[in-house]
Amino acid sequence: MRLDKLIADSGAVTRKEAAAAVRHGEATLNGTVVREPDRKVDPGRDAVIFRGTPIVYREFVYVMLHKPAGYVSATDDRSLPYVLELLPPEYRKRGLFPVGRLDRDTTGLLIMTDDGQTAHRCLSPRRHVGKVYSFTCEAPLPEDAEAAFLSGVVIGEDEVCKPAILSPDATRTAGTVTLTEGKYHQIKRMFERLGNRITSLKRESFAGIPLDPSLAPGEWRELTSEETETLLSAAK
Ligand code: URA
């Protein structure tokens with residue numbers, strides 16, 4: 001791969017800035033200054049130092065964000081705050097995007113990556129990637145609600161949900177829902193179908209990866225190597 005691409009992919013600068021800095025003598029390759037941005041490097045073997053810092057090559061990055069309310073996870077409406085704004089510029093430069101969508105008022109775990117294939121596969125209905133949400137709702141759920149969720153709630157014309165696990169707590173106005181798909185406003189529409197209304201919704205886990213409880217709304221961190229492995233296996 002080209003030297004300027006390796007530097008830019010590490011997230012430090014844009015490709016253009018990397019090329020200019022290399023020409024300026026700000027990078028070394030195996031201890032020697034190189035001034036050709038197109039010099040071929042082997043990320044696994046060559047030691048590249050840029051502005052005094054070794055470049056650690058990562059093909060993809062995976063980030064866990066605790067999405068706060070008020071942010072959108074799709075770019076449909078540019079006037080609203082977008083989840084990517086919560087990440088530092090080096091991640092935005094890499095072209096990270098959210099794996100799936102959460103409604104503007106939904107909080108909780110949102111994974112962001114630049115690994116398009118894994119993201120796409122995690123969202124494919126064929127892979128049945130599990131998502132757990134905690135909820136509160138307006139009225140106590142009826143006794144047969146669990147069975148209704150298990151048998152597949154009809155949320156629209158020709159729109160039947162896959163079996164979902166509803167686990168209300170003793171009050172039956174709060175609990176968790178586990179889905180293996182992600183239809184538009186799915187949980188809200190499922191509750192509406194039961195004559196109820198969701199009053200808060202938070203994603204607690206995605207593909208078996210729980211939201212780190214130490215992350216406050218708006219905070220993020222990269223996935224650990226174990227979490228990344230879990231995500232990649234879910235996408236296989
Ligand atoms: N279901 C919803 O209704 N909204 C979300 O954000 C996620 C699941």
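Note that ligands are numbered from 1 as they come in the structure, with each ligand's atoms numbered from 1 the same way.
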Could you report the tightest heavy-atom contact between Thr107 and Ala69, atom names first, then the distance? CG2-N, 3.6 Å

Taking C-beta and beyond as the side chain, do Met190 and Leu179 meet within less than 4.5 Å on heavy atoms? yes

Is Asp105 salt-bridged to Lys188, cutoff N-O under 4.0 Å? yes

Sequence neighbours excluded, the answer for side-chain hydrogen bond (donor to acceptor under 3.5 Å, both in side chains) partners of Glu227 is Arg221, Thr224

Run the ring-ring contact (aromatic ring centres under 6.0 Å, His included) test against Tyr82 and tell me which residues pass, sequence neighbours left out. none

Can you run down the ring-ring contact (aromatic ring centres under 6.0 Å, His included) pairs that involve residues 38-57, sequence neighbours left out, and say none if there aren't any? none

Please output the residues near ligand 1 using a strict heavy-atom distance under 4.0 Å, listed in chain and residue-number order. Leu102, Asp103, Thr106, Tyr133, His185, Gln186, Ile187, Lys188, Leu201

